[in-house]
Every structure is written in C-alpha cells, then in structure tokens.
Amino acid sequence: MLLRPTLHRGLPNANGNAPSQQSRAGVLNCELGMSKPFDIELERLTGQASYSEAFPGVDAGQRGTFFLETFGCQMNDHDSEKVAGLLLSRGYRQAETPEAASLILYNTCSIREKAAQKVFSRLGEYRERQGEGKVIGVLGCVAQQEGEDIFKRAPWVSLVCGSASYSKLPEMLAQLEAGNQRVTGLDTDTDETFETEVTRRDNPWRAYLTIIEGCDKACSYCVVPFTRGPERSRASDSILREVRQLAELGYSEVQLLGQTVNSYADPTARKTRFSELLLAVADVEGIRRVRFTTSHPSDFTPDIVEAIGRELKICDHVHLPVQSGSTRVLRAMQRTYSREEYLEKIAMIRSAKRPIAITTDIIVGFPGERESEFEETLSLLDEVQYDSMFSFKYSPRPNTPSLSMSDSISEEEKGRRLAILQDKQREIQAAKNAKLVGERFEVLVSGKSRRENQWTGYTTSHRMINFASQESELLGTYVQVRVTGATPNGLVGEHVT
Ligand code: 5AD
Ligand code: SF4
C-alpha cells in the first residue's frame with residue numbers, strides 16, 4: 001500500500017536546513033515554498049507488510065479521511081509526520097486534496113507576523129468547505145498562541161490543538177463525532193509528543209527525530225517559549241531505540257531536532273550529554289549521517305566540537321544563530337552572549353580537527369537598532385564568513401517582552417537593511433563556493449531534476465549540489481561528486497565513480 005503524501009511545507013525551515021526558496025538577493029530567506037513529497041510504502045514506515053498487520057483490528061479509512069498541511073520549521077514538519085501516523089493508526093486515511101478529505105488539519109507557524117497572517121488567509125479559503133460538513137482543525141503554534149480566539153476569528157474551525165496535546169487528537173476527534181461543536185487541547189508542558197506508535201515519515205532516507213521540546217531561553221522577540229512551552233528532553237534510551245528502528249527500516253540519515261537542540265539534558269539516570277548522544281546515534285549500525293539543529297551559542301561546548309572532529313558520521317555543519325552582531329542589541333534581545341563570546345564559539349568550532357560549515361539566523365531592525373549596530377552585524381558576517389544565512393525583518397509578536405519596545409525601525413528601513421545584509425552574504429557565499437570547484441564530496445542523492453541526467457543532493461556540510469550522472473536510479477544512494485561550478489547558493493558537479 002502506498003501512502004500518498006499530502007504534507008506540504010509552507011514556510012521553509014526557519015531553523016536552518018530545510019529547502020528554501022531563493023530571495024531576490026540569492027540568499028536563503030523566508031519565502032513561501034512547497035516541499036517535494038515522496039511516496040513511502042507503509043512497509044518502510046512500520047516494518048509490516050500491510051496496513052492490517054501494522055494496525056490489527058483497524059480498517060483503513062473507517063474513521064474518514066484527513067488532509068494535513070504544514071507551515072513552519074522542521075519541528076512542525078516532524079510534528080505533522082507524527083500526527084499523520086497517529087491518525088493512520090486510528091483508521092483515518094490520508095487524502096491528497098482538501099476536497100477529498102473529511103478532516104482538514106492545518107499545522108501552523110507563528111514565528112513572524114507574516115506566517116500567522118498566512119494561516120488566517122488559508123483558513124478563509126477553507127471556510128467554503130465547511131458547508132460540505134468537513135471538520136477543520138488548527139494545530140501548532142498559532143493554535144497555541146491564539147487558543148479559543150480562533151473560534152471567534154474563524155467560527156468554521158472546530159478543533160484547536162497545540163503541539164503538546166497531539167496525542168489527545170483521536171480523543172478530541174471522537175468528541176466532535178459525539179456532537180461537541182468545539183474542542184481544544186492547549187496544554188504546553190507535557191512530553192507526550194515524543195512517543196508515537198507510528199510516524200508517517202515524509203522522506204525515505206532522512207528521518208527527523210525530536211530530542212528536546214520547548215525552550216527555556218527567553219529571547220525577547222520570540223514566541224516559541226509561549227507556543228511550545230518549557231524545555232523537556234526525551235529519554236536517551238528511547239531516542240536510541242527509535243534510531244535503531246529507523247536504521248532497520250532503511251533510514252541512513254537522522255536529524256536530531258530541538259529549538260535549542262544542544263541544551264539537551266537526558267532525564268534518565270544515565271545523564272547522557274548531548275555530545276555523547278551524537279556519538280551513540282552515529283554508532284547505530286546502518287546510520288551514515290547524523291545532523292542536529294538548532295544549536296544555541298551559549299550551550300555550544302567544546303565536547304560537541306570534539307565529537308564532530310572525531311566521528312565522521314556526525315555531519316560537519318553547525319547552525320548557530322547569532323541574531324545580531326551588536327552586543328547592545330544582543331542584550332536587548334536577551335540572547336545571553338555578547339558579540340565577543342559568540343566569536344569565541346566560532347573560533348572554537350574553527351579549531352576543530354576538520355572544517356565545519358557554519359550557518360546562522362539574523363534579525364534586522366530590532367527595536368532601537370542603530371545604523372552603527374546594523375553595521376556591526378555586517379562586520380560580523382565579514383569576520384565569520386558563514387556558509388549560509390537565514391535573515392528576517394524583526395516582527396513584533398504577541399506575549400513577547402519586545403512587544404512593549406517601540407517597533408521603531410520602519411518597514412522600509414528594515415527592508416533596506418535586509419537587502420544590504422543579503423547582498424553581503426551573497427558575495428561571501430559566491431567566494432566561498434567558488435573555492436570548492438575541483439573538490440570532491442560524498443552526496444546523498446535526494447532529488448531528480450526534470451532535466452535529463454540531472455540530480456540533486458546534499459553534502460555532509462549541507463551544501464546543495466546539482467550534478468550530472470548517466471546512472472538511471474540514484475535516489476537515496478550516496479555517490480561521489482566532483483564540483484565543476486558554483487553559484488552563491490549552491491554547487492554544480494558531476495558524478496565520479
Ligand atoms: N521576528 C523576526 N524574526 C524572528 N525569529 C524569531 N522570532 C522572530 C521575530 N519576532 C527568527 C530568529 C530565529 C528564527 C527561527 O526566526 O532568527 O532564529
Ligand atoms: Fe526562541 Fe530564543 Fe528559544 Fe530560539 S532560543 S526558540 S530564538 S526563545
């Protein structure tokens with residue numbers, strides 16, 4: 001049986017690694033984009049030969065059909081995979097279009113105003129479908145943030161559920177079937193999201209795995225501590241059990257996820273450190289690549305660098321958001337480090353036994369950001385020479401401390417700063433990528449171009465590379481590629497054997 005994927009990525013990964021659209025300036029930013037879904041056989045996901053073996057006693061589709069659309073970061077993508085798995089295991093079938101579904105779920109993102117607006121405009125589009133007797137539900141960060149207010153703003157919605165309550169979804173849906181008009185799940189401090197019976201994974205080679213939920217940092221601009229609640233780490237033995245299962249199912253790359261993934265604190269007596277966890281995951285037979293995102297600079301310790309230097313399976317890429325190059329702005333953002341302290345972390349990463357790619361997130365136009373402070377961010381780019389960057393205009397968010405600061409930089413000025421920043425980064429990337437021409441990389445092939453004999457994949461350092469090969473089937477395999485050309489955003493190359 002083929003599970004037809006209907007998960008689409010709305011906003012590309014704000015946290016570092018997902019495919020994103022290119023901006024006018026050619027630097028990764030936050031345009032809307034759709035992920036390329038794959039068909040994954042149920043057998044691959046569960047290790048069972050058929051639906052009835054995977055879910056004994058459950059008839060596929062007996063409860064109806066669902067359509068699930070996802071906006072936001074990789075954590076949201078992965079949450080959607082878990083929600084889809086849960087619904088499949090309870091007798092729902094996944095539909096390819098909202099028209100074909102009896103239940104329409106929208107997994108939302110509220111990190112920036114634009115993302116949240118997009119949710120409400122999409123809900124407006126769903127309104128027409130309510131007449132057809134469909135259940136419409138809002139999941140994720142907007143659900144958590146707006147809570148029952150969503151019912152006022154979009155009365156055709158009947159289910160609102162934050163990420164910590166997904167395990168209760170079947171119960172909530174049963175309540176709707178029993179005649180309840182509206183149901184909510186808005187707890188924020190449970191860790192029930194970690195353990196799911198089956199996760200309906202979207203990528204056949206790379207599996208996401210959340211190891212830490214929520215966030216205990218309190219960056220003054222950020223909604224995450226409100227929408228995802230306090231930090232909770234998953235037990236190390238449970239993580240390793242799932243990695244072993246994934247390897248048995250044929251996954252060779254795992255990506256450990258968390259808003260502050262390196263703040264991981266094993267709740268078991270083992271007290272496995274994050275670096276030890278990376279090494280233990282890399283040690284699982286069948287695993288070839290271990291990625292992790294997003295790292296917080298304050299918790300980035302020498303043992304993590306040492307682990308990457310020592311174990312080649314741990315990918316040579318660190319996403320280390322700086323947000324600003326000005327210590328005064330960093331203090332106002334409550335980022336817990338100064339420019340100098342951040343640069344010390346960079347120096348530590350640069351001193352590793354092998355080169356490690358470094359990427360970052362930057363916000364321009366934070367309240368009160370002076371021109372000279374913005375210039376400090378530009379000089380930081382010069383100094384660090386990032387391999388890639390996600391950049392955003394500051395967006396005031398509900399509940400956040402910075403909401404009370406006057407949003408003093410005009411949209412026009414924010415746009416000007418963003419464009420200057422992106423132009424600088426594009427130059428840096430163009431120069432860095434050009435230096436890679438002639439080098440050879442191992443690439444995990446993840447896409448086939450419409451153009452004949454053209455493929456795409458990622459290096460361990462997470463550089464995208466488009467390459468030519470005469471082979472007819474390369475998807476999911478690891479191949480050697482020689483770089484023959486470079487653009488600011490990626491590499492081109494040829495398959496070498
Ligand atoms: N405005 C603009 N960008 C933001 N980010 C988080 N909150 C905001 C906000 N209010 C960015 C940060 C973070 C990334 C996930 O999104 O750069 O690292
Ligand atoms: Fe938000 Fe800061 Fe936590 Fe990242 S570390 S999720 S920016 S509060």
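Here the structure is a predicted model, which means the values were calculated and not measured. We use all heavy atoms of the structure for the numbers below, so side chains are in, but hydrogens, waters and symmetry mates are not. Whatever order the structure lists ligands and atoms in, that order sets their numbers, starting from 1.
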### Task
Only pairs at least two apart or in different chains count here, so list each ring-ring contact (aromatic ring centres under 6.0 Å, His included) that has a residue in residues 398-421.
none
#### Entry: Interatomic spacing from OG in S388 to CZ in R463 - rounded to 0.5 Å
9.5 Å
## Note on the structure
atom 7 (S) of ligand 2 has as its nearest protein heavy atom Y221 OH, 3.4 Å
### Message
So if I apply the side-chain contact (heavy atoms from CB on, under 4.5 Å) rule between F292 and each of L257, L209, I314, which one comes out positive?
### Response
I314
### Query
Looking at D407 and K414, does any basic side-chain N land under 4.0 Å from a carboxylate oxygen?
yes
### Task
Taking atom CD of E148 as the centre, report whether more than 12 heavy atoms of other residues, nucleotides or ligands fall under 6.0 Å from it.
no
### Task
To the nearest 0.5 angstrom, please state how far the CE atom of M333 sits from the OG1 atom of T327.
12.0 Å
### Task
Any atoms of ligand 1 less than 4.0 Å from a non-hydrogen atom of R112? List them with their elements.
1 (N), 2 (C), 3 (N), 4 (C), 5 (N), 11 (C), 16 (O)
### Task
Show which atoms of ligand 1 fall inside a sub-4.0 Å distance from at least one heavy-atom site of Q323.
12 (C), 13 (C), 17 (O), 18 (O)
### Message
Is it the case that ligand 1 has an N or O less than 3.5 angstrom from some N or O of S395?
### Response
yes
### Task
Salt-bridge test for E306 and R310: reply yes if a basic N is under 4.0 Å from a carboxylate O, no otherwise.
yes
### Query
Is the closest N or O pair between Y394 and ligand 1 shorter than 3.5 Å?
no
## Note on the structure
Honestly, for I111 the part within reach of ligand 1 (heavy atoms, under 4.0 Å) is both
### Query
With a 4.0 Å cut-off on heavy atoms, does K393 reach ligand 1?
yes
### Query
At a 4.0 Å threshold, what atoms of ligand 1 neighbour a non-hydrogen atom of R397?
10 (N)
### Message
Between R288 and E253, does any NZ, NE, NH1 or NH2 come within less than 4.0 Å of an OD or OE carboxylate oxygen?
### Response
no
### Query
Considering the options T360, T293, T359, which one meets the side-chain hydrogen bond (donor to acceptor under 3.5 Å, both in side chains) requirement together with H319?
T359
### Message
So that I can tick it off, tell me whether K168 and E171 are bridged by a salt bridge, with the cut-off set at under 4.0 angstrom between side-chain N and carboxylate O.
### Response
no
### Query
Quick one: does ligand 1 sit under 4.0 Å from the side chain of F392, the backbone, both or neither, non-hydrogen atoms only?
side chain
### Query
If you leave out waters, which protein N, O or S atoms are less than 2.8 Å from atom 2 (Fe) of ligand 2?
C219 SG
